[in-house]
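Following: one structure in structure tokens, then a few remarks.
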Amino acid sequence: MINSENINNIYCDESCHLEHDNIPVMVLGAMSCNKIYRKKIFRDIANIKEKHGIGKNSEIKWCRISMNKINFYKEIIDYFFENDNLAFRGLVVRNKNLLDHEKYNQTHDEWYYKMYFRLLSRVINNNMRNDIYLDIKDTKGSSRRYKLQEVLSNSIYDFNKDIVYNIQAIDSRESSILQIVDLFIGALGYTNRDLKTSEAKLEIIRYIKEKTGYSLIKSTLPAENKFNIFVLPLDKKEHLSYE
């Protein structure tokens, strides 16, 4: 049996990834942590919820941010940045409406797998077993998970799937780490769409910018390990294939 210390858990979520949703910005996000810290992180977040009078089964979600919960969400953000065992990577695709799949002989799903590869290429630890968890609401079922595992494994010559060991769909209610991914990709999407409909969400975005020193609309340096952002502008023809 493999030791938990040698397992890298990766929690993934996605926003506005459908081809014809009329939303110009797609965001993928991944949060990684060593499996041995998972239960402690869950307990810590449950304690933060209790401190702020929030039910332990209440989800951390971008769409639920409001001024009366602003201090709770700020403390969740503080917890992430103070916890050395958590790392986030976000991928932002702008101007999704410019995609021309026919021209580049690809389906939207094939392009989607390429984007997930771009997201996870810097998150997968080649020296560990990687267990990847996807939000069950945002997948098309087992066929998509198997295909994603195949693409990721083949890209690193992991033909026995010893590195990309498992990809599993879970309900976000089961994982407070996955819920933080929802929070961060929500902030990235809101910022890159230049939305201004909620003062509470704008305050959370300001807080994340303050904690990171980043604008959230530009890629970070590749060496950024804590809060890494990769922005694909889709504003030039050569970007459309993502080969």
Side-chain angles (χ1 to χ4, degrees), residues 1-14 27-65 69-90 119-120 122-139 145 152 162-188 204 207-208 210-214 220 223-229:
M1 181 178 295
I2 192 165
N3 192 305
S4 293
E5 293 182 1
N6 296 320
I7 300 175
N8 183 36
N9 278 6
I10 304 173
Y11 300 86
C12 301
D13 200 359
E14 52 203 20
V27 186
L28 304 178
M31 185 88 72
S32 60
C33 76
N34 191 300
K35 184 175 182 178
I36 62 173
Y37 301 114
R38 180 192 59 177
K39 290 183 178 179
K40 182 181 186 306
I41 291 168
F42 287 175
R43 288 195 301 268
D44 290 344
I45 293 174
N47 289 338
I48 295 173
K49 288 181 178 179
E50 183 179 8
K51 174 183 173 181
H52 289 271
I54 294 173
K56 64 180 181 179
N57 294 322
S58 180
E59 287 190 74
I60 301 162
K61 292 184 72 70
W62 176 254
C63 66
R64 294 184 181 177
I65 291 174
K69 294 181 179 178
I70 203 78
N71 290 330
F72 165 69
Y73 279 95
K74 285 184 176 181
E75 187 162 349
I76 290 294
I77 292 166
D78 288 341
Y79 178 78
F80 166 78
F81 284 103
E82 293 166 5
N83 192 322
D84 293 336
N85 302 310
L86 290 170
F88 173 79
R89 175 169 164 84
L119 172 75
L120 293 173
R122 293 184 177 276
V123 180
I124 290 172
N125 188 325
N126 289 352
N127 297 314
M128 300 176 71
R129 185 182 106 180
N130 294 264
D131 290 342
I132 300 172
Y133 299 92
L134 307 178
D135 189 342
I136 198 169
K137 297 189 301 298
D138 294 321
T139 66
R145 298 196 301 273
L152 292 171
D162 296 322
I163 298 173
V164 184
Y165 183 79
N166 179 50
I167 298 182
Q168 178 180 342
I170 62 172
D171 191 318
S172 60
R173 290 174 294 184
E174 301 174 16
S175 172
S176 50
I177 299 175
L178 183 55
Q179 294 167 27
I180 300 176
V181 179
D182 178 274
L183 174 64
F184 285 154
I185 66 172
L188 289 173
I204 289 298
Y207 198 67
I208 295 173
E210 177 184 313
K211 301 292 287 190
T212 62
Y214 300 137
T220 58
E224 169 59 55
N225 293 319
K226 183 64 176 177
F227 196 88
N228 184 284
I229 305 170

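Worth saying up front: this structure is predicted, and the values here are computed from it rather than measured. Start at 1 with the first residue, then count along the sequence.
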Straight-line distance of I7 CD1 to N166 CG, nearest 0.5 Å: 10.0 Å
Run L178 and I170 through side chain to side chain contact (heavy atoms under 4.5 Å, CB included) and show every step you take. CA-CA 9 Å; L178 183 55; I170 62 172; 4.0 Å; yes
Residues at least two apart in sequence or cross-chain that pass side-chain contact (heavy atoms from CB on, under 4.5 Å) with N125, listed by chain then number, are N8, N127, M128, N130
For the residue pair W62 and I185, establish whether any side-chain heavy-atom pair is separated by less than 4.5 Å. no
Should D44 and K40 count as an ion pair when the cut-off is N to O under 4.0 Å? yes
Interatomic spacing from CD1 in I10 to NZ in K35 - rounded to 0.5 Å: 13.5 Å
Can you tell me how far apart CZ (R64) and CD (Q179) are? Round to the nearest 0.5 Å. 8.5 Å
Applying side chain to side chain contact (heavy atoms under 4.5 Å, CB included) to K226 and L86, what does each step give before you reach the verdict? CA-CA 7 Å; K226 183 64 176 177; L86 290 170; 4.1 Å; yes
Not counting sequence neighbours, which residues clear side-chain contact (heavy atoms from CB on, under 4.5 Å) with N47? List them please. E50
Side chain to side chain donor-acceptor pair (under 3.5 Å) partners of Y214, counting only residues at least two apart: E224
Return yes when atom OH of Y165 has more than 12 non-hydrogen atoms of other residues, nucleotides or ligands closer than 6.0 Å, and no otherwise. no
Is there side-chain contact between C12 and I132, with heavy atoms separated by less than 4.5 Å? yes
Chi angles and distances behind the side chain to side chain contact (heavy atoms under 4.5 Å, CB included) call for F88, L188: CA-CA 12 Å; F88 173 79; L188 289 173; 4.0 Å; yes
In terms of ring plane angle, is the pair Y11 and Y133 parallel, tilted or perpendicular, where the classes change at 30° and 60°? parallel
Roughly how far, to the nearest 0.5 Å, is OG of S176 from CD of E59? 10.5 Å
Nearest 0.5 Å, what's the CG-CZ distance between L28 and R89? 10.0 Å
If only atom types and distance count, is the side chain of N85 paired as donor or acceptor with the main-chain N or O of Y37 below 3.5 Å? no
Spatial distance of atom CG (N9) from atom CZ (R129) [nearest 0.5 Å]: 8.5 Å
Would you check if the distance from the ring center of F227 to the ring center of F184 is below 6.0 Å? yes
What's the verdict on side chain to side chain contact (heavy atoms under 4.5 Å, CB included) for L183 and F80, showing C-alpha distance, side-chain angles and the deciding distance? CA-CA 11 Å; L183 174 64; F80 166 78; over 6 Å; no
Test your reading of the model: is there a side-chain donor-acceptor pair from S58 to the backbone of I54, 3.5 Å cut-off? no
